[in-house]
Student: 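Following this message is one structure expressed as structure tokens.
Below, all heavy atoms of this structure are taken into account, side chains as well, without hydrogens, waters or symmetry copies.
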Amino acid sequence: MKLGYFPGCSLESSAREYNESLQAVAPLLDLELCEVPDWNCCGATAAHSLNHKLALALPARTLALAERAGFDELLVPCSACYSRLAATRRDLLANEALRQEITSIIELDYVGSTKVVSVVDVLGRAAPTIRAKASVPFLRKVACYYGCYLTRPASLTTCARPEDPQEMEAIVASAGATPLDWAFKIDCCGAALSVSRTATVAELAGRIVADAAERGAEALVVACPLCHTNLDLRRPAIERHRGVSYALPVLYITQLVGLALGLSERALGLHRHHVPVRFAPGAAAPAAAPKEN
Amino acid sequence: MEFAVSAFEPKLVAFVCNWCTYAGADLTGTSRIKYAPNVRLIRLPCTGRIDFMLLLQAFGKGADGVIVSGCHPGDCHYTAGNFHARRRWTLFRRLLDFVGVDLRRVHFAWVSAAEGAKWAELVNDVKTKIQALGPYDAFPKRLDGRPQPAEVA
Amino acid sequence: MPRIGVFICHCGENIGATVDAAAVAKAAGELPGVVHAVDYKYMCSDPGQNLIKEAIREKKLTGVVVGACSPRMHEPTFRRACAEAGLNAFLCEMANLREHCSWVHEKLPETTEKAIDLVRVMVEKVKRNRPLFPINVPITKTALVLGGGIAGIQAALDIANAGHPVVLVEREASIGGHMAQLSETFPTLDCSQCILTPRMVEVAQHPNIRLYTYSELESLEGFIGNFKAVIRKKARGIDEATCTGCGACIQKCPTKKIPSEFNAHLGHRTAIYVPFPQAVPNKPVIDRAHCTYYRTGKCKLCERVCPTKALRYDQEDLLVEVAVGAVVVATGYEVKGTDFFPEYGYGRYKDVITGLQFERLASASGPTLGAIRRPSDGQVPETVVFIACAGSRDPAKGLHYCSKICCMYTAKHAMLYKHKVHHGRPYVFYMDIRAGGKMYEEFVRRAIEEDQVSYIRGRVSRIYEKNGKLIVKGVDTLLNSRPVEIAADLVVLATAMVPQPDAEALAQKMKISYDGDRFLNEAHPKLRPVEMNTAGIFVAGACQAPKDIPETVAQASGAASKVIGLFSKDELSREPVVAVVNRTAPPLFSTCVGCFLCETACPYQAIEREEIKDRNGNVLKTVARVNQGVCQGCGTCVALCRSKSIDLQGFTNEQVFAELVAL
Amino acid sequence: MSSASHAAPHAPTFPERVREATGESVFQCYQCGKCAAGCPLAAEMDYTPNQILRLLQLNLPEMEEEALRALSIWLCLTCETCAARCPQEVDIPKIMDHLRQESRRRGLVHPKAKDILAFYESLLASVRKGGRLHEVGLVASYKLKTGHLLQDVLLTPQLLQRGKLSLRPHKVADTDAVRRIFDRCDAAAPENKADHA
Ligand SMILES: Cc1cc2nc3c(=O)[nH]c(=O)nc-3n(C[C@H](O)[C@H](O)[C@H](O)COP(=O)(O)OP(=O)(O)OC[C@H]3O[C@@H](n4cnc5c(N)ncnc54)[C@H](O)[C@@H]3O)c2cc1C
Ligand SMILES: Cc1cc2nc3c(=O)[nH]c(=O)nc-3n(C[C@H](O)[C@H](O)[C@H](O)COP(=O)(O)OP(=O)(O)OC[C@H]3O[C@@H](n4cnc5c(N)ncnc54)[C@H](O)[C@@H]3O)c2cc1C
Ligand code: SF4
Ligand code: SF4
Ligand code: SF4
Ligand code: SF4
Ligand code: SF4
Ligand code: SF4
Ligand code: SF4
Ligand code: SF4
């Protein structure tokens, strides 16, 4: 299946391993990712905080380019970008005058024919394939973390039960993992304040890491580079803030699926994490895991 | 209150419901509020009873302006009668327009049994407006007397 | 030839000072058809009325116009006078010379001219009046009461005590409704069952009440005074006449783990069961969906132990037809479940319960025999959080209204908890405290002041479970919206009161109206609060809007008194201002084209369909017919009929057009 | 129809202007506090979300200014928690967006929010230049703007070592097209010029 692909800025740099693992997993799940030609930044929180028009125009340009390339669906792995793009599509489809205004700003026509989908949407559909091909089941207890943009707002989420989503759980379960029931899967991690108010992030992300650890999770699973930054890269700040250290790695859901599909740690970019991806000896150690079934 | 002895005294016909506007006009009386004597009331059980033909007939018999007034939406004595009337009024307007009635001469209003002063205001207001428009000579009058609903039907 | 008499009143100075009454009478006398015209100082006085009566007799009048005050004032007076003189009351009309003329205009020639106009209009109208006669409809003096909660019980007893037969239909196996489930009731804290049970027994033993439990309304046809109801008596699986209610079958039934509806799913019942020990009637039913015999073909243990051989496994539903003259709808309410609250766990946490479940916990007859123990592990909760307005006043969840009783029962719950668990800590998250009622505010103050219930003003955002505690995240908006987190052992949601799931279907079946929330709509919120728009159908209790027991009972007695009032006469007599579809007597013919636009317009469902047949019984066409018992005379149908086949007596097209022509 | 009208023409009030810009009415809020109870930043805010709305509900110039001077409006992360649970369906994040723009336009930005604003401006400046975000450039420019030179410095070598930061910016091919978008959006709302770069 052919999908339009919008990696977004962070997957080119700080979230490289998300890109790498997604690209590595895709062919095994019969997904062909075609990068949108000449895509641009969605503008993130900055744009809609400072200039309403820009917050629509930046995502609209990428959407229009994807539409022009003829994709039915556009895969947006970063959930913050996903939210911006999907919201722009929603707003422009709902308001004809606005659509016309924005198309003239971006100098491109746009009718909204390309649907915006997230990694969780796409992997969710591929769950049967993952189950069938999981040669190295990831037999660990994990806490799936959704953050904000996969479950909110109600007009954009594809989760059936936004206050207690189960979509990521279904995916990791198909890869052999045991998803835990825990309390913070939809709580905010501090997202865009990562740089400007690191202390705030230490508090918010800290609660998340702590709850997952206390409930016995062996890994946190995420589907967003911002979440990953706050839970992984900001770990020292979290540990300083709480005075506890946590050996809880944070995996992109694509990495977890990749491990189950038998891909190597390196191919999946596990070495790029701040918190080392190491597991206590147990049912299965990633990559080196013996074949279980 | 004084009324200017102007050249043109319009003839106004008001179709009103028994429960709200008729009673409201009674209250105008008991409160001794004065208004223009140009209006003649036709009492009906409900504005739902008013049909398009009645309006046409009123103009046909020499009215220069028509008032249709009943209970406020939701207060209808018959629970839904004025709701039906309201829905039809939109239709009426189009029909009246179609047969060439000057829509500025038809006034729809809500006057409740407690709005005596509002009734007086309404009549005076409509009178002034119709006065400004002048006599409704453009409408074909049939002042030949006998009621013949069939001729307009 | 018409012979019209005109009588102009001076009303002392009221008319006489502004309008030249004598001139009006004189002008009236010259109108075609007028054979008699006089003026007089006080028309409504005895001598005034006598003037009219004498003229009717002497001048053989065929119609009377009184030019005086508003017909809303004295029309009945003058119509009565006419009738006394032998003239049909509906051949009398009034011209409103006072309220609409003398009182609102100056003393000017125009004013007298207007008075003459008003009289002329009425003369033209009255010439076209027809003698009309009050409509009489016979009444079947039996009432149908739907729903056996406290509302239905109260209404049934009131009507039955007035000497009229009542058919009481209850869907469940026992009457009692929600009140039977309650522990103690605000604001007096008296035991709910103690006050309810005697009334339930009274219903069962009342000679005028025929009780159908485990039954539903199948259909309702007819109109005020003359309804035909079909009741479906669902198969109980036992013969009620033979069963003694010994309960042996219940004790022996091996299928025991069915969540008990009566205990709001906090306890269990067997497949053959009575909902609760004080049930009326105290005869079991078999729940066929769960019974092992119906599911697998094997068991019949109950039959083996029954001393009277009362079991009837092959019993079928029975349809019973009853003729009734009035209906009281008292089908009550339902409460929202905890699964309605995503942010509070979608009903996943066992210790997040509804107020109704708390009633069962606090009830001496409940699953814990009145001890407050939480469902998950039976521990006595040390900290209980009560959340008010759970689902109510929440447009995001589709319910914008206030459920009205939950402020009170939440205070009650917190109080009962404190009385039973002295060291316990009750917290109430609330938005407003609505305690308008006799001794209600005092009751809530008692909870706060004496029982030290902590009220926190703010809505809870989320509940999650951690280490066996329920973490409740709220704020105190009175403390600068400071976050408040409480680790609770039990959370009680004051969930919204909503109509029965089938409220809409039932309303449609009965052709009565309901509002956007599916509560039944009374005819007028202030002046006709217990009547429905459909004549002869009345409403009582929480099926009309959320209400507590005192209000429910008041409304039920109100509905009952309306029924008793209706039954106080043998026939219904109504003003003949009703619609008629034109008809020429045999062979029946009508200009009605059968479009039934009138049917769609009529707010009272008064339009019926009638087939016109030829001599051989072949249907020629279907035409409209007005049920005069139901028609209220609004005339909406008349305005809509394109073929002018339907007309309104007293305000016929002919009359109204004549008025216009006379202007 | 002759019903008296009380609506004399008047200059739009602030709540009316908020409604015009966002489609949201602040009067919808009934001050239940559920938003504050769920907001991840509530503990750090000078005014909780409902209090911001309350300031606007009073419809007094000094209260309106107080809301625009609040730190809260800059702390809001657009996490949508409040909007998802608000019983009255008030879209608070949308209102917050508007308040930020208005606060910046009227020069009322809270002193402690200057960092956040600087970060947003740096980010957009970076995007204006290359169409995509250049993280190294962004962090460098942010640090220059705020003078927070030490913060995060420790992290950067780690990132570089793990191959996660590239010193050379990725750019779109048609940088001009992106620049024109910025220019047009700035022209549409000159007071909300996306970046002060
Ligand atoms: C948690 C809680 C606590 C409360 N505490 C108090 C209190 O302390 N004091 C107080 O005054 N009030 C209290 N109330 C309110 C009280 O329960 C109601 O006011 C009262 O029960 C309403 O009575 P009802 O007869 O109208 O409805 P219900 O009690 O609901 O009875 C309706 C009956 O109709 C039957 N029925 C429904 N549909 C049909 C149908 N189609 N055909 C036939 N039968 C049908 C039902 O089975 C039921 O038996 C409380 C309510 C709740 C939820
Ligand atoms: C400011 C205000 C606004 C209100 N607005 C509303 C509203 O918008 N909607 C609403 O539903 N309700 C409203 N109400 C409430 C409403 O007025 C009452 O519910 C209603 O009037 C009560 O009617 P009643 O017949 O019981 O009492 P009353 O209206 O007080 O009538 C009692 C009558 O008994 C007479 N009387 C007293 N003692 C004797 C005696 N010993 N012998 C003979 N006669 C006696 C009195 O003269 C009086 O005529 C309002 C009340 C107030 C004060
Ligand atoms: S009939 Fe009416 S107008 Fe005449 S005296 Fe009586 S009250 Fe007055
Ligand atoms: S036949 Fe059914 S009701 Fe009777 S004892 Fe067996 S399971 Fe229970
Ligand atoms: S055992 Fe027989 S008599 Fe006793 S309750 Fe059951 S059915 Fe009735
Ligand atoms: S009665 Fe009280 S708790 Fe119930 S909905 Fe109304 S305000 Fe809320
Ligand atoms: S609207 Fe007139 S023609 Fe049509 S069904 Fe009714 S009575 Fe007959
Ligand atoms: S007059 Fe009104 S109530 Fe009577 S049949 Fe016509 S529409 Fe129905
Ligand atoms: S949750 Fe909604 S209604 Fe409640 S205080 Fe916040 S904005 Fe207002
Ligand atoms: S969107 Fe902003 S105000 Fe709302 S909960 Fe998130 S941070 Fe708080």
Student: Under 4.5 Å from any heavy atom of chain A, what part of Val127(D) do you find: side chain, backbone, both or neither?
Tutor: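 Contact with chain A: side chain only.
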
Student: Who among Gly38(D), Pro40(D), Gly130(D) has the most heavy-atom pairs with chain A under 4.5 Å?
Tutor: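 Of the candidates given, the most pairs with chain A belong to Pro40(D).
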
Student: Give the minimum heavy-atom separation between Arg61(A) and Ala177(D), together with the two atoms involved.
Tutor: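 Closest approach of Arg61(A) to Ala177(D), heavy atoms only: NE-CB, 4.1 Å.
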
Student: Which residues pass the side chain to side chain contact (heavy atoms under 4.5 Å, CB included) test with Ser245(A), not counting sequence neighbours?
Tutor: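 Checked Ser245(A) against side chain to side chain contact (heavy atoms under 4.5 Å, CB included); matches are Glu239(A).
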
Student: How close do Gly190(A) and Leu77(D) get, heavy atom to heavy atom, and via which atoms?
Tutor: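 Nearest heavy atoms, Gly190(A) then Leu77(D): O-CD2, 3.3 Å.
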
Student: With a 4.5 angstrom heavy-atom cut-off, could you sort out which part of Ser10(A) is near chain D: side chain, backbone, both or neither?
Tutor: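 Contact with chain D is through both the backbone and side chain of Ser10(A).
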
Student: Go through the atoms of Ala47(A) and report whether side chain, backbone, both or neither lie under 4.5 Å from a heavy atom of chain D.
Tutor: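 It is both, since atoms from each part get that close.
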
Student: Hey, is the main chain of Asp174(D) close enough, under 3.5 Å, to the side chain of Asp38(A) for a donor-acceptor pair?
Tutor: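 Yes.
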
Student: Chain D heavy atoms under 4.5 Å from Glu163(A): which part of the residue, side chain, backbone, both or neither?
Tutor: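 Just the side chain, heavy atoms under 4.5 Å.
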
Student: Within a 6.0 Å radius of atom NZ on Lys114(D), are there more than 12 heavy atoms belonging to other residues, nucleotides or ligands?
Tutor: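 Check passes, neighbour count above 12.
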
Student: Tell me, out of Ser49(A), Ala46(A), Cys189(A), who's got the most heavy-atom pairs with chain D below 4.5 Å.
Tutor: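 Result: the option with the highest number of such pairs is Ser49(A).
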
Student: Is the count of non-hydrogen atoms from other residues, nucleotides or ligands lying under 6.0 Å from Arg106(D) atom CZ greater than 12?
Tutor: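 Yes.
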
Student: Can you tell which of Ala173(D), Ala187(D), Ala84(D) has the highest number of heavy-atom pairs within less than 4.5 Å of chain A?
Tutor: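 The answer is Ala173(D).
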
Student: For Leu56(A), which atoms come within 4.5 Å of any heavy atom of chain D: side chain, backbone, both, or neither?
Tutor: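 It is neither, since no heavy atom gets under 4.5 Å.
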
Student: Side chains of Leu117(D) and Leu50(A), heavy atoms from C-beta outward: is any pair under 4.5 Å?
Tutor: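 They are in contact (side-chain heavy atoms under 4.5 Å apart), so the answer is yes.
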
Student: Tell me, out of Ala60(A), Pro153(A), Ala57(A), Gly8(A), who's got the most heavy-atom pairs with chain D below 4.5 Å.
Tutor: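 Option with the greatest count: Pro153(A).
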
Student: Roughly how far, to the nearest 0.5 Å, is the CG atom of Leu54(A) from the CZ atom of Arg128(D)?
Tutor: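 Reported to 0.5 Å precision, the distance equals 8.5 Å.
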
Student: Supply the atom-to-atom distance Arg100(D) CZ to Thr45(A) OG1, rounded to the nearest 0.5 angstrom.
Tutor: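 Answer rounded to 0.5 Å: 8.0 Å.
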
Student: For Asn40(A) and Arg132(D), work out which heavy atoms get closest and say how close.
Tutor: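 Minimum heavy-atom contact is CA-CG, 4.3 Å.
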
Student: Under 4.5 Å heavy-atom distance to chain A, tell me which part of Leu133(D) shows up: side chain, backbone, both or neither.
Tutor: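 Interface part for Leu133(D): both.
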
Student: Can you tell me which portion of Ala83(D) sits under 4.5 Å from chain A's heavy atoms? Options are side chain, backbone, both or neither.
Tutor: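 When you check distances to chain A, no heavy atom of Ala83(D) falls under 4.5 Å.
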
Student: Looking at residues at least two apart in the chain, or sitting in another chain, which of them share a side chain to side chain contact (heavy atoms under 4.5 Å, CB included) with Ala42(D)?
Tutor: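 Ala42(D) satisfies side chain to side chain contact (heavy atoms under 4.5 Å, CB included) with Cys39(D), Thr48(D) once adjacent residues are dropped.
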
Student: Got a donor-acceptor contact below 3.5 angstrom from the Arg184(D) side chain to the Ile106(A) backbone?
Tutor: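 Checking the backbone N and O of Ile106(A) against the side chain of Arg184(D), no donor-acceptor pair under 3.5 Å is found.
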
Student: Please determine which of Asp97(D), Asp186(D), Leu124(D) meets the side chain to side chain contact (heavy atoms under 4.5 Å, CB included) test together with Asn51(A).
Tutor: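 Among the candidates, only Asp186(D) passes.
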
Student: Just so I understand: if I count every heavy-atom pair under 4.5 Å between each of Leu41(D), Leu75(D), Asp91(D) and chain A, which residue has the most?
Tutor: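 Between Leu41(D), Leu75(D), Asp91(D), the count favours Leu75(D).
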
Student: Are there more than 12 heavy atoms of other residues, nucleotides or ligands under 6.0 Å from atom CZ of Arg68(A)?
Tutor: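 No, the 6.0 Å shell around CZ holds no more than 12 heavy atoms from other groups.
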
Student: Would you indicate whether Glu20(D), at its atom CD, is surrounded by more than 12 heavy atoms from other residues, nucleotides or ligands within a distance under 6.0 Å?
Tutor: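 No, the 6.0 Å shell around CD holds no more than 12 heavy atoms from other groups.
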
Student: For the atom pair CD1 (Ile181(D)) and CD (Glu107(A)), what is the distance rounded to the nearest 0.5 Å?
Tutor: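 So the CD1 of Ile181(D) and the CD of Glu107(A) are separated by 7.0 Å.
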
Student: Using a 3.5 Å distance criterion without hydrogens, assess whether the side chain of Gln101(D) forms a donor-acceptor pair with backbone atoms of His48(A).
Tutor: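 Between the backbone of His48(A) and the side chain of Gln101(D) there is a qualifying donor-acceptor contact (under 3.5 Å).
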
